[in-house]
Amino acid sequence: MGKSTDNGVTFFINRQMLDMEGKRSIHGNIVINGDRRKFSTGLRISEKIWDAKCNQAKGHSPEAQRINISLIKIREIIENLKVNLLLKDGFVSAVTVRDAYVELSKTPEKRAKEEAIKKAKEEEEQRKIEEERERKELEEIGITLLDYFDTYIESRRKEVEAGELTHVTYGRYLCTRNRLILFMLEEYGDWAIPIKKVDIFFIKNFQMFMLKNFPCQHNAAMKNVQKLCTIINLAFNMGIIPTNPASLFRIHFEETERDRLDEEELCRLYEYPFASETLSRVRDSYIMACYTGLSYIDASSFEQKDLQKYIDGNQYIIKNRAKTLENFKVLLLDVPAEIINKYKGKLPDGQLFPMISNQNTNRFLKEIAQIVGINKKLTYHSLRHSKAMHLLQAGVPLIYIRDILGHVSVQTTEIYARIDTKHKFEIMQNIYVDIVPNEECPKWQNNDILTWLKSF
């Protein structure tokens, strides 16, 4: 097997492994000053024609001749390498000669593959260095508010995919995020603000920014601030920040007086003969939603499958609210049934009644109110307040109104169903009659009672 310590090159075969053709690989030893280094020749040979004593193939077969010529060339290459290395470096060793031969014997494909592997390793090392650098930077300044906001939004996106959250709610968080970026750029000149640096003044300034730069009132600005506080509260609870500035900020919403139509105004609107087909269609969609309590987004997705015949023999609108995913069921009354029949088969995409964009709808409703002589601000959302008011005046319990409107909490329904002064007056009159005999009732004037009730 060539165990001499003399300088030179010896060859041997690997007797432990056979290839698919029954041949064994030929290896070599480079021996210099007793140091032996093994290398592969890349040659294969049948064991029966290998001469272990002579370190070469035996016989005169074409295979033996090819092998021996190749081994002679390998010896010559290695001897030349020894001379070149000695001249270049002033010394030579089995290791340097072996390494030089291995590098020289590589094919272009193998060399390219090794270069690619080497490059990949270098890139991986560089990536680890960059990650470590970023990690140390984050340890110094902490995670940014925007990064944590994005982490939260990603978790909500997964809830949308799982059907646990609506696209509407998810979109509102995205809206707040984008406005928060604009605020940080204007206020701080950078959106990479560490969450640890967010304080009560940051929150208050964001509220002022919303009121100044966007066409919104107090409540709309407060909803954006509320979502920011949600992120800060979560960061505090998760131990990301040591203190909670959101706990110092009071989230409060102002009560607003929402215009709603009484029965006389609703009838006047329904019966008015509009010359414009567009105004007529907007009016019909508004009346339809007013009788059913459908929000704009629910009315836009209203389809034939949402009309179902119930066990009592009547037709109902049964569907889930897009905003809360709450199921609601509303009896289909004569007026909305007439509107559906009016447009049956006349609208595209299976629509049951005409719908245009919410913005254009509200724009046309303003024009409609002026034409009909209704001195109130009509919006598609105000019709839900009208629906709640009519149900409350009809004596429907608040808990049932909640189900009809599809609210999650009855507290939300209470906002919609604020009773008006006239209704308060009727209730107080009935209560007073039950307590005091008629002959003892004081002769109050209606105006006096109305003035007192308005103070509630």
Side-chain angles (χ1 to χ4, degrees), residues 124-255 323-325 408-409 411-412 415:
E124 178 65 15
E125 288 297 322
Q126 186 63 30
R127 184 185 64 81
K128 290 180 179 179
I129 293 173
E130 289 294 325
E131 286 181 352
E132 181 65 16
R133 182 183 61 79
E134 291 177 0
R135 186 187 65 79
K136 289 182 179 180
E137 288 181 354
L138 284 177
E139 285 181 355
E140 293 176 1
I141 67 172
I143 187 172
T144 67
L145 173 62
L146 189 60
D147 286 339
Y148 200 71
F149 208 130
D150 287 342
T151 301
Y152 178 80
I153 286 178
E154 176 61 18
S155 68
R156 303 313 300 267
R157 184 187 65 79
K158 293 178 180 178
E159 291 181 37
V160 173
E161 292 177 351
E164 296 296 321
L165 186 74
T166 67
H167 287 279
V168 175
T169 302
Y170 175 70
R172 286 172 180 164
Y173 274 95
L174 281 178
C175 181
T176 298
R177 172 196 179 274
N178 295 336
R179 290 175 174 178
L180 191 60
I181 291 174
L182 295 176
F183 161 69
M184 290 188 290
L185 287 174
E186 179 175 303
E187 190 75 13
Y188 303 95
D190 187 8
W191 62 39
I193 306 299
I195 195 169
K196 290 180 180 179
K197 291 187 177 181
V198 175
D199 54 20
I200 182 64
F201 300 107
F202 181 100
I203 300 173
K204 288 182 176 179
N205 288 339
F206 179 56
Q207 180 192 9
M208 296 302 104
F209 173 82
M210 289 297 304
L211 292 171
K212 175 184 174 183
N213 294 277
F214 294 92
C216 62
Q217 300 299 321
H218 170 86
N219 288 355
M222 192 59 65
K223 286 180 181 179
N224 283 271
V225 176
Q226 187 179 44
K227 290 175 177 60
L228 170 61
C229 289
T230 297
I231 304 301
I232 297 173
N233 286 327
L234 182 61
F236 174 73
N237 293 333
M238 296 295 290
I240 305 297
I241 51 178
T243 58
N244 185 7
S247 63
L248 304 176
F249 187 86
R250 178 172 170 262
I251 300 290
H252 68 284
F253 295 96
E254 296 177 349
E255 287 193 12
K323 181 179 179 181
T324 62
L325 301 179
V408 175
S409 170
Q411 292 179 340
T412 306
I415 298 174

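Numbering starts at 1 and runs along the sequence shown. Heavy atoms only: backbone and side chains are in, while hydrogens, waters and symmetry mates are out.
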Could you walk me through whether Leu228 and Val198 pass the side-chain contact (heavy atoms from CB on, under 4.5 Å) check? CA-CA 11 Å; Leu228 170 61; Val198 175; 5.6 Å; no

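- The CG atom of Leu248 sits 8.5 Å away from the NZ atom of Lys204 when rounded to the nearest 0.5 Å.
- Aromatic ring orientation, Phe209 versus Phe206: parallel (interplanar angle below 30°, classes split at 30° and 60°).
- The two atoms that bring Lys227 and Thr176 nearest to each other are CD-OG1, 3.3 Å, heavy atoms only.
- Atom OG1 of residue Thr169 and atom CD of residue Glu164 lie 12.5 Å apart, to the nearest 0.5 angstrom.
- In plain terms, the two heavy atoms of Ala235 and Ile195 that are nearest each other are CB-CD1, 3.6 Å.
- By the 30° and 60° cut-offs, the orientation of the rings of Phe183 relative to Tyr188 is perpendicular.
- Separating the CD1 atom in Ile231 from the CD1 atom in Ile153 is a distance of 7.0 Å, to the nearest 0.5 Å.
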Phe214 vs Asn224, side-chain contact (heavy atoms from CB on, under 4.5 Å): CA-CA, chis, key distance, verdict: CA-CA 11 Å; Phe214 294 92; Asn224 283 271; over 6 Å; no

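- Judged by distance alone, the side chains of Tyr173 and Arg177 never bring a donor and an acceptor atom under 3.5 Å apart.
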Between Arg157 and Glu154, does a salt bridge (charged side-chain N to carboxylate O under 4.0 Å, His left out) hold up when you go through it step by step? CA-CA 5 Å; Arg157 184 187 65 79; Glu154 176 61 18; 2.4 Å; yes

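- At a threshold of 4.0 Å, the pair Arg127-Glu130 does not count as salt-bridged, since none of the basic side-chain nitrogens sits closer than that to a carboxylate oxygen.
- Trp191 CH2 to Leu180 CG: the interatomic distance, rounded to the nearest 0.5 Å, is 12.0 Å.
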Full working for side-chain contact (heavy atoms from CB on, under 4.5 Å) between Tyr148 and Ile241: CA-CA 11 Å; Tyr148 200 71; Ile241 51 178; over 6 Å; no

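- Residue His218 qualifies as enclosed at atom NE2: its count of foreign heavy atoms under 6.0 Å is above 12.
- Closest heavy-atom contact between Glu187 and Asn205: OE2-ND2, 3.8 Å.
- A distance of 7.0 Å separates CG in Asn237 from CG in Asn244, rounded to the nearest 0.5 Å.
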Using the salt bridge (charged side-chain N to carboxylate O under 4.0 Å, His left out) rule, take Lys128 and Glu132 through it: C-alpha gap first, then chi angles, then the decisive distance, then the call. CA-CA 6 Å; Lys128 290 180 179 179; Glu132 181 65 16; over 6 Å; no

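- Nearest heavy atom pair, residue Ala221 against residue Met210, reads CB-CB, 3.8 Å.
- When the shell of 6.0 Å around CD of Glu161 is examined, it contains more than 12 heavy atoms from other residues, nucleotides or ligands.
- Of all heavy-atom pairs spanning Phe249 and Cys229, the tightest one is CD2-SG, 4.4 Å.
- For the atom pair CZ of Phe201 and CD1 of Ile203, the computed distance is 11.0 Å after rounding to the nearest 0.5 Å.
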